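We count residues from 1, following the sequence as given. Values in this document were obtained by computation on a predicted structure and should not be read as measured data.
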Amino acid sequence: MINAAGREIPDQIIRDTGKEVFSGAYDNLGREIKKFSSKSRSVQIRKGAQPESKLLSSLDEVIDRIGLKDGMTVSFHHHMRNGDEVVNQVMEAIARKGIRNIHVAASGLFRCHEPLVQMIEDGVIRKITVSTISPGPLAKAITNGKLKELAVFMSHGGRPRAIESGELHIDVAFISAPCCDVQGNMNGVCGKSACGVLSYAYVDAEYADQVVAVTDNLVEFPACPIEISQEKVDYVVQVERIGNPEGISFGPTKPTTDPENLKIADMTAQLLDETGYIKEGMSMQTGAGGTSIAVAAAVGNIMREKKITGSFASGGITSYFVEMLKEGLFKGLLDVQCFDSVAIESRRENPKHMAMSASQYANPNTKGCLVNQLDIMILGATEIDVNFNVNVVTGSNGVILSSSGGNNDCAAGAKIAVVVTNLIKRGMCVLRDAVTTVVTPGETVDVLVCEYGIAVNPGRKDLMEKLKNTSLPVMDIREIKKLGDRDAVKVMNPEFTDKIVGIVEYRDGTIIDVVRKPVQEF
């Protein structure tokens with residue numbers, strides 16, 4: 001067969017390769033390209049002609065252009081946290097179009113997303129898949145069984161695993177872009193709504209069928225630096241505001257000053273020192289809560305005293321880790337989310353403060369995720385039980401309070417995973433015979449540290465051996481539970497209906513537990 005270049009291509013070659021012959025330099029541009037996902041190219045280019053502009057005038061025009069229909073899946077990222085305004089704006093535009101039964105697949109949802117509750121009741125939203133969620137009206141609506149379909153609680157590593165494998169297919173990804181040019185090159189470190197990294201959106205940009213950059217800071221081409229690049233972006237739309245940066249750092253992001261919590265932090269740091277985990281080249285991650293950051297502060301004091309330099313700190317980054325980096329206590333920061341303005345500035349100015357994708361961070365199916373390189377992981381918990389199972393999704397009353405986040409990812413990967421928590425919270429003992437919802441399996445949790453003492457997982461005989469001659473108050477976990485039960489002024493034994501409102505996925509996509517609707521509505 002003679003192709004458009006005048007060359008003869010043998011029929012046998014065509015049959016053997018399954019390829020089509022060349023038919024012209026521009027004939028196939030703009031057709032659907034299939035690589036990993038069926039992401040379509042919406043911009044057709046012809047030599048000598050200007051390409052169709054990606055910049056559209058409004059979210060309504062975007063929805064018309066992409067052909068968003070009933071039942072599709074739309075995704076969002078959560079780096080603006082409780083200051084985000086894009087989710088509400090997009091979903092309100094979808095509702096105005098009369099589109100129904102949408103699956104919202106967000107990396108995180110917060111109290112600011114209360115308007116979604118009405119959309120659930122109106123049938124605009126049928127399902128929610130999420131990796132982190134904050135307490136509030138939306139979480140209560142899911143608890144009360146308002147969704148038509150089961151909510152899915154994924155881990156931060158499980159989400160990119162599901163998207164990359166095709167298990168979670170995204171029709172349209174809406175990416176909040178604090179800085180963006182007309183071609184869709186974007187970053188999170190510049191502009192009035194700067195949020196730091198855009199890490200949780202990387203997988204959406206790569207695998208969603210269509211990608212829309214939503215920005216309140218449209219800059220001249222090229223945006224600099226480029227964090228997510230133009231070849232992944234179909235459309236750009238400018239809005240008045242994508243969010244309020246002050247909402248990024250809601251909640252505690254500084255070390256606690258509470259004496260009991262400082263005691264927990266000091267005991268944890270001593271435990272880590274006695275067991276040999278505070279050492280040259282160590283790596284570490286903590287949560288953004290006050291006690292967790294106090295642990296980092298106490299560990300930092302030991303590092304200074306012993307002149308130790310760590311390899312990296314990771315996860316959501318706060319000002320405290322930024323100061324440790326500046327001081328030289330760590331060689332680098334690997335960041336999936338900035339928790340405050342200091343971290344945002346550090347990401348913008350310091351090349352040692354590096355962004356990583358959620359897949360690089362915690363996807364168990366990659367060729368090597370970062371959580372497997374962690375020495376120390378400090379975990380939080382809403383409940384823990386005598387078998388060291390951890391709950392971070394529901395409270396003891398069954399109300400949804402959060403999602404898996406990186407809890408079970410990091411516990412599985414780190415060399416030592418330590419839960420730090422007050423034993424008595426709101427008058428209740430958080431150490432139970434069995435947690436309300438299993439999120440992180442006890443086999444991956446090594447130690448519990450609370451104000452009453454320290455419990456070591458019986459499977460970690462090496463830790464028990466190292467701690468037996470120390471001054472630390474090491475106890476059997478059941479002994480600690482007895483003390484907590486003695487001092488608790490409230491006992492929570494909620495009743496549940498047979499209605500399942502959500503499933504909790506382990507990081508590999510298997511179902512580790514279900515969330516049932518409580519008898520009492522909240």
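- Atom CD1 of Ile302 sits about 8.0 Å away from atom CD of Gln270, to the nearest 0.5 Å.
- Between Thr440 and the choices Asn389, Asn408, Asn407, the side-chain hydrogen bond (donor to acceptor under 3.5 Å, both in side chains) rule is met once, by Asn407.
- Salt bridge status for Lys482 with Asp487: absent, with no side-chain N to carboxylate O gap under 4.0 Å.
- Here Asp216 does not pair with Arg241 in a salt bridge; the nearest charged N to carboxylate O distance is not below 4.0 Å.
- Between Glu280 and Lys307 there is no salt bridge, since none of the side-chain N atoms of the basic residue sits less than 4.0 Å from a carboxylate O of the acidic one.
- Closest of all the heavy-atom pairs between Met303 and Gly310 is CE-N, 3.7 Å.
- Taking the six-membered ring for Trp and the full ring otherwise, Tyr200 and His156 have centroids separated by under 6.0 Å.
- By the 6.0 Å contact criterion, CD on Glu349 is enclosed, its count of non-hydrogen atoms from other residues, nucleotides or ligands being greater than 12.
- Under the salt bridge (Lys or Arg N to Asp or Glu O under 4.0 Å) criterion, Glu114 pairs with no residue, sequence neighbours left out.
- By the 4.0 Å N-to-carboxylate-O rule, Asp385 lies too far from Lys481 to be salt-bridged with it.
- Taking 4.0 Å as the cut-off between side-chain N and carboxylate O, Glu206 and Lys232 count as a salt-bridged pair.
- A search for side chain to side chain donor-acceptor pair (under 3.5 Å) contacts involving Thr275 returns nothing, not counting sequence neighbours.
- Using a 4.0 Å cut-off between charged side-chain N and carboxylate O, Asp446 and Lys415 make no salt bridge.
- Under the 4.0 Å criterion applied to side-chain N and carboxylate O atoms, Arg161 and Glu164 are not assigned as salt-bridge partners.
- Shown here are the side chain to side chain donor-acceptor pair (under 3.5 Å) partners of Arg432, two or more places apart in sequence or in another chain: Glu383.
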